[in-house]
Every structure is written in C-alpha cells, then in structure tokens.
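Here is how names work: the chains are called A, B, and so on, in the same order as the sequence lines, proteins then strands, and each is numbered from 1. Just so it is clear, the structure is predicted and the values come from calculations on it, not from any experiment.
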Amino acid sequence: MSLPSRYNPNEVEPRILSRWEETGWVCNPKSGKKPFSIVIPPPNVTGSLHMGHALNNTLQDIVIRYKRMDGYEACWFPGTDHAGIATQVLVEMELAKEGKTRKDLGRDAFLARVWQWKEKYGNTIVEQLKALGCSCDWSRLRFTLDPGLSRAVRTAFVQLYREGLIYRDEYLINWCPRCETALSDLEVEHEEVSGHLYFVRYPLEDGGYVTVATTRPETMLGDTALAVNPHDGRHKHLIGRRAILPVLGRKLPIVAAEEVDPEFGTGVLKITPAHDPVDFQIAQRLGLPAVNVLNEDGTINTNGGPFAGLERFQAREALVEGLRAEGLLEKITPYKHAVGHCERCHTMVEPRLSLQWFVRMKPLAEPAIRVVQEGKIRFIPERWTKVYLEWLENIRDWCISRQLWWGHRIPAWYGPDGKIFVAMDEEEARKLAHAHYGEEVVLCQDEDVLDTWFSSALWPFSVMGWPEETEELRTFYPTDLLVTGFDILFFWVARMVMMGLHFLNEVPFREVFIHPVIVDERGQKMSKSRGNVVDPLELIATYGADALRLAMAHVSGKGRAARYSPVLLDEMRDFLNKVWNMARFILTNTADLPPGLNWRGRSLAWEDRWILSRLQAVIASVRNYLERYAFHLAAETLYHFVWDEVCDWYLEMAKVRLYGEDAEARRTAQLVLRTALTHVVHLLHPFTPFLTEEIGEHLDLRVSRGSYPKPEEYLRDPEAERVLGVFQELVREVRAMRAELGLDPAEELELVVTSGSQASLLLGDLRGALARLARVQPCWAPGRENMENAARGLAGDVTFFLRLPGEMDWSAIRSRIQRNLNKVEGELAGLEARLANPGFREKAPEEVVKQTEAQARELRARRTRLLRFLAG
RNA sequence: GGGCGAGUAGCUCAGGGGCAGAGCAUCCGGCUUACAUCCGGAAGGCCAGAGGUUCGAAUCCUCUCUCGCCCA
C-alpha cells in the first residue's frame with residue numbers, strides 16, 4: 001500500500017463526497033431508533049456560502065453526525081429561504097443594470113424573472129453545504145415557496161386571522177423609500193449620524209412665536225399640533241393656545257403631553273402623527289388628525305403644498321431656505337442622533353402612516369415566555385435566556401405585510417366595498433363573499449406579500465409537512481436542537497417558539513445553541529463594503545473542508561464575536577496532515593495483520609495499558625464536551641490526544657516492538673495501534689468527516705456509519721499512567737540535559753540509574769522504549785553515589801547519571817540543577833505556607849489537604865536530592 | 001438611557017475556587033526508515049486596575065478603566 005506522505009484534501013474530498021452522494025443520509029421516521037432532529041436555519045436561496053454559514057452548519061453537522069453514530073435516527077432537515085426583500089433587491093439591482101425597474105416589467109414578468117434567478121442560483125448554496133460536508137437528509141430539501149410550505153403559510157395566516165390574532169390597520173410603520181415597502185421594527189438598523197437640529201419659529205395666533213427644535217424640518221408639513229410637557233413651568237402658558245404652521249398656515253393647537261422631554265430642544269415638540277412614533281402615540285390619545293406628507297418613493301405628496309414632488313432631502317433644504325428668508329429659522333446646531341436605516345439597502349427609513357397587516361403578539365408571546373421560564377427550552381449559553389425574555393416581555397405587534405412581489409401573497413380578498421375575506425384560496429374567498437353579499441361579486445386579492453420571517457417562523461413544522469399530520473411530525477417534532485447566531489434570536493428563534501406553541505401546542509426545539517458571529521482579524525464585522533469578507537469556499541480550496549470545520553469548532557465557544565485567523569487554518573491543516581501520517585504509519589505497519597485478531601487476552605505492554613487507559617478518558621471527556629456543545633474543548637482534547645499522546649509517545653514506543661524480533665509482542669503492538677487508530681477516526685469523524693472516512697476506507701470501515709466510541713471503565717489504568725508518567729519525565733530529563741549540554745542528539749549515551757521505585761520497570765519492561773526515546777543505553781547501578789564524567793539527573797524519584805562523552809561544561813549542569821532547585825523551593829514554600837495556615841487544615845476538604853501534604857513531601861524529597869547533587 | 005460580551009505570554013486565544021496552559025512567533029539543536037505541514041529543547045505572564053468574600057481568587061462579588069456589541 002502506498003499512501004502519499006501529505007494529506008491532500010482536494011483529491012480526497014470530492015471522492016468521499018460522491019460516495020456520500022450515492023447513499024445519502026435519508027432518515028426513516030419509522031426505524032424505531034430514538035429520534036434526534038435539527039432543522040437548518042434556511043440560507044437565502046440565492047445566497048452563497050459565507051463564514052457565518054460555515055460556522056453554523058459545521059456545528060450542526062458535528063452534532064448530527066455524533067448523534068447518528070451514537071445510535072439515534074438523526075435527521076437534519078435542510079432547506080432554503082426565499083428571503084423576500086433580500087432576493088427582490090438583488091434582482092432589482094440586476095434589472096437596474098438594464099435600465100429597468102420592476103414596475104417596467106409588471107408583477108408577473110418580474111416574478112418570472114426572480115424564479116429564473118432562483119433556478120439559476122438556487123442550487124449553489126446546497127452544493128456548497130455539501131462541499132462543507134453537511135450530512136443533511138437532502139431528500140427532504142425544502143424551499144419556503146414550495147407549494148406545501150406555501151400552504152402552511154396560508155393555513156397559519158387564515159387561522160391567526162380567524163382567531164383575531166392577525167388584523168389590518170392604519171398604523172405608523174417603518175418605510176423604506178427605496179424598497180417602497182413597510183419594514184418591521186427588527187428590519188431597521190439604528191445608526192448614529194451627525195445631523196442638525198433646526199430651531200424653527202412657529203408664530204402664535206395671538207401674537208409672538210414659539211421656537212421648536214426638529215431634526216427633520218420637512219416633516220413639519222405634516223404637523224397637526226405642538227406639545228409641551230405639562231410639568232414644564234416655562235411653557236405652561238402655551239397650553240390651549242394655537243400656533244400657525246409656517247408655509248402652510250395650518251392652525252396648530254398646543255397640547256400637553258407627558259411624552260415631551262423638556263430637555264430636548266426648547267421643550268416644545270411639534271406633533272407630526274403620520275411621521276413620528278411618539279407623535280403618533282400622542283395624537284392617537286388626544287384624537288389629533290394625522291397628515292401624511294410622503295409618497296411611497298419618499299417624495300413629498302400633495303399635502304406638502306408648494307413642496308409637493310420634491311425628494312425628501314431636497315424638500316428639507318428648500319423648506320429651510322424658505323424659513324430663513326421669512327426670519328423663522330432661529331438657528332441650526334450640529335446634532336448627533338440615531339437614525340433608522342433599511343437593513344437590506346441601507347436607505348434611511350421614514351416612519352410613515354399606512355395601512356398594513358399586523359400580528360397581535362402579546363397573546364403569542366406569553367406562552368413563549370412561559371416555556372422558557374419552565375425550562376422546556378434551554379439556551380446555551382444560558383445568558384441568552386434573559387435577552388430572549390426581555391424582548392418578548394416588551395414585544396410590539398408585528399407588521400407582516402410587505403409592498404413587495406417576491407413572497408407569499410397575503411391570502412386576503414376584498415369585496416367591492418372593501419370588506420375583507422381571508423381564505424386559503426380564491427375559491428374559498430369567493431364562497432365567503434357569496435355568503436356575505438348573497439351574490440357573485442368581483443374580488444381582488446391583496447397586493448402585498450408576507451414578511452419572509454412569517455414563513456420562517458413556521459419552518460420547524462412546515463418542513464415536516466404541516467398542516468398534514470405526517471409521520472415526520474410525529475417522530476421528529478419537536479426537534480431537539482436549534483443552532484443559530486444571536487443576530488436572528490428575535491427575527492427567527494422567538495417567532496418559531498411562538499408559532500410552534502400556537503399551532504402544535506409544543507415547543508419547536510428543546511435546546512438552542514447560540515454561536516458567535518465571525519469577524520475579521522481586527523475584530524471588524526465582515527461586509528462587502530468593508531472588503532474584508534473571507535470566502536469559506538476559498539478556504540476549502542486551500543485547506544480543505546475538514547480544516548475549515550475544525551477551525552469553526554475551535555471558535556464556536558467565543559462570546560459574541562469569533563475572530564477569523566488564517567493561522568488557525570494553518571494549524572488545523574497541519575493537524576490533519578498529522579492524523580493522516582499517523583494513519584499512514586499504522587496502516588503500513590499493520591498491513592500484515594491477519595483479520596479477526598484482537599488484543600484482548602494478550603499480554604499488554606505498559607504503554608499499551610497506558611494508551612488504552614488514556615483513550616477511555618478522552619472518549620469520556622469528548623462525549624461530555626459534545627453533550628455540552630463545547631465543540632472547541634472536544635476538538636482541543638482530540639488534538640492533543642492524537643498529537644501529544646498517540647503520536648509523540650505511543651507510536652514511538654510501539655516502534656520498539658514493531659521493528660523488534662518478538663513476533664507476539666509485535667502483534668500486540670499492531671493490534672493496539674489499530675484499536676487506537678479506529679477509535680481516533682471515529683472520535684474525530686464529526687469534526688473531520690472527509691479525512692476520517694478516507695482513513696476508514698483503508699481499514700475497511702465506513703466510519704460515517706460507525707458507532708461513536710463509548711468509554712470502557714475497566715480499561716482505566718492508574719498504575720500504567722503512573723509508570724508512564726515517570727518514564728516520560730525521565731526521557732524528557734535526559735533530552736533536556738542533552739540539549740543544554742549541547743550534545744549530539746543522535747549520539748547514544750550510557751544512562752546509569754542508581755535508585756527509584758520504578759527503576760526495575762524502566763530497566764526491564766520499558767528498557768527498549770527508554771533506549772529508543774532517550775537515545776541511551778540504560779544500566780542499573782543501585783546506590784551508586786558518584787561517577788566520573790557524568791551528569792547527575794533526577795526524574796520523579798529516579799536518580800541517574802548520564803555518562804558524558806568527554807570534558808563537559810559542568811557549570812551548565814550545575815545551573816540546571818540550581819534552576820530546578822529554585823523552582824522546587826518556590827513551589828514548596830507556597831505549599832508549606834498553605835499547610836501552616838490553620839484555617840486551611842480546618843476548612844479545606846480533606847482530600848485537598850492530603851493531596852497538598854503529599855505534594856509537599858514529594859517536593860521535600862526532591863529538594864534533598866537536588867541539594868545532595870549540588871554538593872556532590 | 002438600559003443590558004451584554006471581551007481584556008490571561010510578542011500575537012491569536014483555551015481555562016474559570018486548590019502548582020498559570022496551547023498554537024503561532026522567538027531562541028538553540030536535529031532531514032532519527034509516518035509526517036520538515038516534522039522532531040527535541042528553551043525562553044517568555046502582578047491573568048486590565050482597585051476593593052471585597054474565602055483557609056485559598058486568574059476564576060466568585062462590587063466598583064473603575066479600555067474595546068466591541070445589542071436594545072431603546
């Protein structure tokens with residue numbers, strides 16, 4: 001067998017991928033195995049894999065592979081999201097290159113164009129997920145606009161409407177003048193901008209004027225009142241009087257409202273109910289009229305009088321100039337404030353009064369709060385619980401209608417008099433209308449579509465076929481785990497909980513693992529405009545998917561932000577190469593191993609007992625970490641076990657028997673090596689599925705379908721661990737002395753052991769390994785006190801001399817011993833101070849006291865020996 | 001304004017009441033028949049600062065500073 005000495009993921013991964021493609025990861029809800037399920041956070045159908053996806057999906061795949069190997073019917077439901085506004089904006093930009101708008105095409109042609117786009121790009125993200133190694137049940141791939149899922153959306157809408165939880169109303173919403181649609185509160189990003197505060201004089205009807213400060217003077221065209229705080233003594237006299245709106249001349253009552261902040265501006269607030277949330281609230285309470293002055297595209301409408309038709313910021317300038325000319329502009333001061341921007345196109349949004357559909361959230365939020373308080377859903381890390389609860393406790397109604405074309409069209413039809421008929425389809429609406437009017441009438445469907453997140457909220461059960469009562473729902477709902485970033489905690493997670501509880505009376509998932517977002521090397525958010533985006537596909541091309549996955553596992557434990565670091569990728573690639581070479585070594589050195597043999601019942605070497613013992617500990621802790629979703633700790637544990645323990649020690653020690661004369665001993669070593677390799681590839685498989693599957697092929701194993709190792713307690717062997725501990729210390733000590741004395745590392749030296757409780761083992765069973773790893777010829781001279789041309793050494797309680805080839809620099813040895821002594825004395829002083837403290841003996845657990853005493857004893861003995869060496 | 005996270009070796013970060021860790025970088029030495037993407041050795045830290053709790057604090061509590069984020 002000839003295997004390349006470097007692991008080449010570019011050659012291996014496509015091959016393994018096509019193997020997986022043949023069999024797939026199809027789940028059987030009726031297998032009778034214990035189910036375990038995850039639904040994917042559906043990526044945008046036209047999207048391309050970014051680092052966030054890489055992290056998110058790697059973690060899901062680690063869990064799903066682990067559970068699958070651990071005997072569960074583990075089903076990962078994949079799918080894509082139509083991503084209403086995001087996709088539509090994308091296609092509109094494409095159209096803009098041709099100098100067209102969606103309105104030029106009309107609704108049907110535009111939609112055809114988006115579908116075309118979807119057909120063209122919709123599969124790339126799926127292929128990319130596969131390339132990352134994701135073992136989704138691809139036979140269950142769903143898309144939020146599929147007929148089945150669209151039916152789920154209509155079903156949910158109709159039911160919520162009939163329950164009074166969806167209503168249509170004129171309300172102040174966030175409006176994006178570029179997208180020309182309403183946005184939910186969550187789709188607005190607040191950003192600090194440097195603007196201006198304009199101080200405008202409003203003449204009073206009975207003489208004089210009052211000054212009002214505003215950041216958006218153009219909205220004054222929609223003013224219908226002025227307001228002051230009732231407790232503000234400065235302005236009390238104004239209440240009940242009337243001001244005159246500049247430019248338009250409208251009479252504005254001056255009212256009192258608690259909401260007015262006396263500290264802001266002059267303490268007099270202009271009330272523009274159609275364009276400001278606070279003003280809207282005040283106006284609603286006091287019954288003030290609202291005047292909308294903005295068109296859908298952000299230009300001033302006819303209510304704006306002379307400014308009608310002007311773009312909003314041009315209107316602002318024109319208006320300010322006019323005011324200045326009339327002496328009504330008192331001053332302009334710089335002002336920093338938070339302004340809302342459209343999440344998608346980054347245009348400044350306008351609060352705008354319009355007729356929209358809303359979901360009444362309070363009744364839905366209450367159960368969603370309860371299940372988390374009762375622990376039916378658990379957040380990991382736990383601190384997200386509070387964030388979730390606080391949002392739900394202060395929730396506001398959700399504006400779900402969007403003036404877009406790409407999405408689920410709202411299943412509402414209007415009669416000639418505007419009467420609303422909400423139904424599953426037009427036929428049903430017609431029946432309702434007929435029943436209502438007693439005759440056939442012309443119905444027209446609502447033009448709007450639903451917020452993308454409406455369908456996403458149903459995702460955990462719509463992918464399983466709801467509203468049908470499917471086998472999938474019976475078996476896999478509720479799902480076990482949701483893996484997602486905190487950025488969509490409110491958008492998605494909270495809404496899924498609400499909808500899951502409402503429609504299935506059961507939580508959609510039991511645990512939510514919240515992972516960080518990936519940021520660039522300097523800690524900056526990755527974005528196209530910053531130009532700091534790292535493309536995971538390029539990383540896969542350079543390092544392989546496994547290396548990327550391991551890197552993702554390593555950063556998964558970060559708090560909010562995980563810094564991308566190319567060094568980490570290098571490190572992971574090196575590790576994979578290490579695993580590959582470990583496998584290569586074991587495979588080539590066990591090629592002659594007859595099948596069917598087992599190390600059990602054979603006489604094991606100390607190192608065999610040691611590595612088997614360590615293996616059990618590693619299996620136990622990796623499983624434990626995986627159960628806690630501590631992916632970084634699991635990965636790190638395996639990294640160090642493989643590299644430090646298996647490769648650096650066990651493999652090197654096993655070489656003595658592999659290359660030795662004793663055929664039986666050689667067999668044993670081969671068998672234990674095989675066991676170690678088999679276990680390691682299985683343990684690693686969820687993290688690095690390609691490499692481990694590839695190695696498995698050489699072992700005639702299908703690792704991806706294998707069992708996750710379970711610890712076997714009886715193989716824990718504290719005695720072997722102690723023995724190997726001393727062995728390692730001795731080897732390290734000899735190596736260190738050699739290095740510090742500047743001796744040729746290859747030259748074999750005589751090692752004379754003079755005392756130590758493990759001496760007979762070191763010179764007996766472990767002699768060959770000692771000779772090989774320390775490059776020495778060991779011999780036994782009990783009690784010997786002195787030796788010419790030799791360096792004294794100490795490892796644990798083993799004292800020894802290292803015979804030197806000639807005249808040596810003794811000061812180097814003495815300073816080494818002195819350094820050791822200093823360290824020992826420092827540690828000892830600490831321990832003794834602790835032991836001398838009566839509080840410690842009284843209050844510390846007995847175990848700790850005993851352990852400390854033993855350590856102190858050991859250090860004292862060591863100190864004595866070192867002192868003797870220095871003297872001698 | 002409210003809340004959250006981070007601050008540990010030169011760099012990137014683990015750890016989270018009982019002896020301060022890793023990788024990279026640095027320095028010294030090695031192509032030793034799995035791997036130079038490697039092996040061996042070394043050096044490097046007042047665990048941001050100040051108080052407190054405790055027999056014992058990098059770890060828990062309070063405050064402060066710096067950076068980042070979320071919500072309003």
Across the strands shown, which category fits [X] at heavy-atom distances under 4.0 angstrom: base, sugar-phosphate, nothing?
| X | result |
| --- | --- |
| A/R732 | sugar-phosphate |
| A/A844 | base |
| A/R834 | base |
| A/L633 | sugar-phosphate |
| A/K386 | sugar-phosphate |

Rounded off to whole Å, could you give me the [atom1]-to-[atom2] distance for the [X] and [N] pair?
| X | N | atom1 | atom2 | answer |
| --- | --- | --- | --- | --- |
| A/Y639 | B/U37 | OH | P | 14 Å |
| A/D648 | B/G23 | CG | C1' | 14 Å |
| A/M526 | B/G68 | CE | C1' | 16 Å |
| A/H515 | B/G5 | NE2 | C1' | 17 Å |
| A/L389 | B/G3 | CG | P | 16 Å |
| A/L587 | B/A34 | CG | P | 13 Å |
| A/L550 | B/U12 | CG | P | 22 Å |
| A/L3 | B/C35 | CG | P | 12 Å |

(Q) Can you confirm if the aromatic rings of A/H346 and A/H341 lie within a centre distance of less than 6.0 Å? (A) yes

Short side-chain N/O contact to [N] OP1/OP2 from [X], under 4.0 Å:
| X | N | value |
| --- | --- | --- |
| A/K823 | B/C19 | no |
| A/Y659 | B/A34 | yes |
| A/H632 | B/G15 | yes |

Q.
Taking the six-membered ring of A/F585 as reference, does the cationic atom of A/K655 (NZ for Lys, CZ for Arg) lie under 6.0 Å from its centre and within 45° of its axis?
A. yes

Q | Ring-face cation of A/R6 near A/W580 (centre distance under 6.0 Å, axis angle within 45°) | A | no

[X] side chain: which of [options] is closest?
| X | options | answer |
| --- | --- | --- |
| A/P845 | B/C55, B/G41, B/A34 | B/C55 |
| A/A736 | B/G41, B/C19, B/C55 | B/G41 |
| A/N581 | B/G18, B/G15, B/A34 | B/A34 |
| A/E636 | B/G18, B/A14, B/A34 | B/A14 |
| A/P745 | B/G30, B/G41, B/U12 | B/G30 |

(Q) Taking atom types as they are modelled, would you say the side chain of A/E652 forms a donor-acceptor pair with the base of B/A34 within the 3.5 Å cutoff? (A)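 Side chain to base: pair present.
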
Q.
So, under a plain 3.5 Å distance rule, would you say the side chain of A/R563 forms a donor-acceptor pair with the base of B/U12?
A. no

Q: Kindly state which residues belonging to residues 846-859 of chain A come within less than 4.0 angstrom of RNA chain B, counting heavy atoms of the residue only, listed by number.
A: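 Only A/V848, A/Q855 qualify.
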
Q.
Does anything in residues 570-580 of chain A come within less than 4.0 Å of RNA chain B? Heavy atoms only, and list the residues if so.
A. A/E571, A/R573, A/D574, A/N577, A/K578

(Q) Going by ring-ring contact (aromatic ring centres under 6.0 Å, His included), name the pairs with one or both residues in residues 641-660 of chain A, residues two or more places apart or in two chains. (A) A/Y639-A/W643

Q: Applying ring-ring contact (aromatic ring centres under 6.0 Å, His included) between A/F513 and each of A/F631, A/W384, A/F379, report the one that passes.
A: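 Answer after filtering A/F631, A/W384, A/F379: A/F631.
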
Q: Please report the closest heavy-atom contact between A/L683 and A/L615, naming both atoms and the distance.
A: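 Minimum heavy-atom contact is CD1-CD1, 4.2 Å.
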
Q. Using atom P of each nucleotide, how far apart are B/G2 and B/U62 to the nearest Å?
A. 16 Å

Q | P atoms of B/G68 and B/G21, separation to the nearest Å | A | 33 Å

Q: Determine which pairs satisfy side-chain hydrogen bond (donor to acceptor under 3.5 Å, both in side chains) with at least one residue from residues 824-837 of chain A, sequence neighbours left out, and list them in order.
A: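 Listed by first then second residue: A/E832-A/R860.
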
Q. Taking atom CZ of A/F840 as the centre, does the number of heavy atoms from other residues, nucleotides or ligands within less than 6.0 Å exceed 12?
A.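 Above 12, so yes.
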
(Q) Could you walk me through whether A/D520 and A/K525 satisfy the side-chain contact (heavy atoms from CB on, under 4.5 Å) test, starting with their C-alpha distance in whole Å, then the side-chain angles of each, then the deciding distance to 0.1 Å, before giving a yes or no? (A) CA-CA 6 Å; A/D520 76 1; A/K525 216 175 187 171; over 6 Å; no

Q: Begin with the C-alpha distance, continue with both residues' side-chain angles, and end with the deciding distance and a verdict on side-chain contact (heavy atoms from CB on, under 4.5 Å) for A/M552 and A/N56.
A: CA-CA 9 Å; A/M552 294 297 98; A/N56 178 249; over 6 Å; no

Check nucleotides 69-71 of chain B against the protein and report each pair of N or O atoms closer than 3.5 Å, with its distance, or say if there are none.
| residue | atom | partner | partner atom | Å |
| --- | --- | --- | --- | --- |
| B/C69 | O2' | A/R560 | NH1 | 3.2 |

(Q) So A/E853 and A/L831, do their side chains get closer than 4.5 Å, heavy atoms only? (A) no

Q. Taking a pair as Watson-Crick (N1 to N3 plus N6-O4 or O6-N4) or G-U wobble (N1-O2 and O6-N3), both under 3.5 Å, which stems of 3 or more consecutive pairs involve RNA chain B?
A. B:1-7 with B:65-71, B:10-13 with B:21-24, B:26-30 with B:38-42, B:48-52 with B:60-64

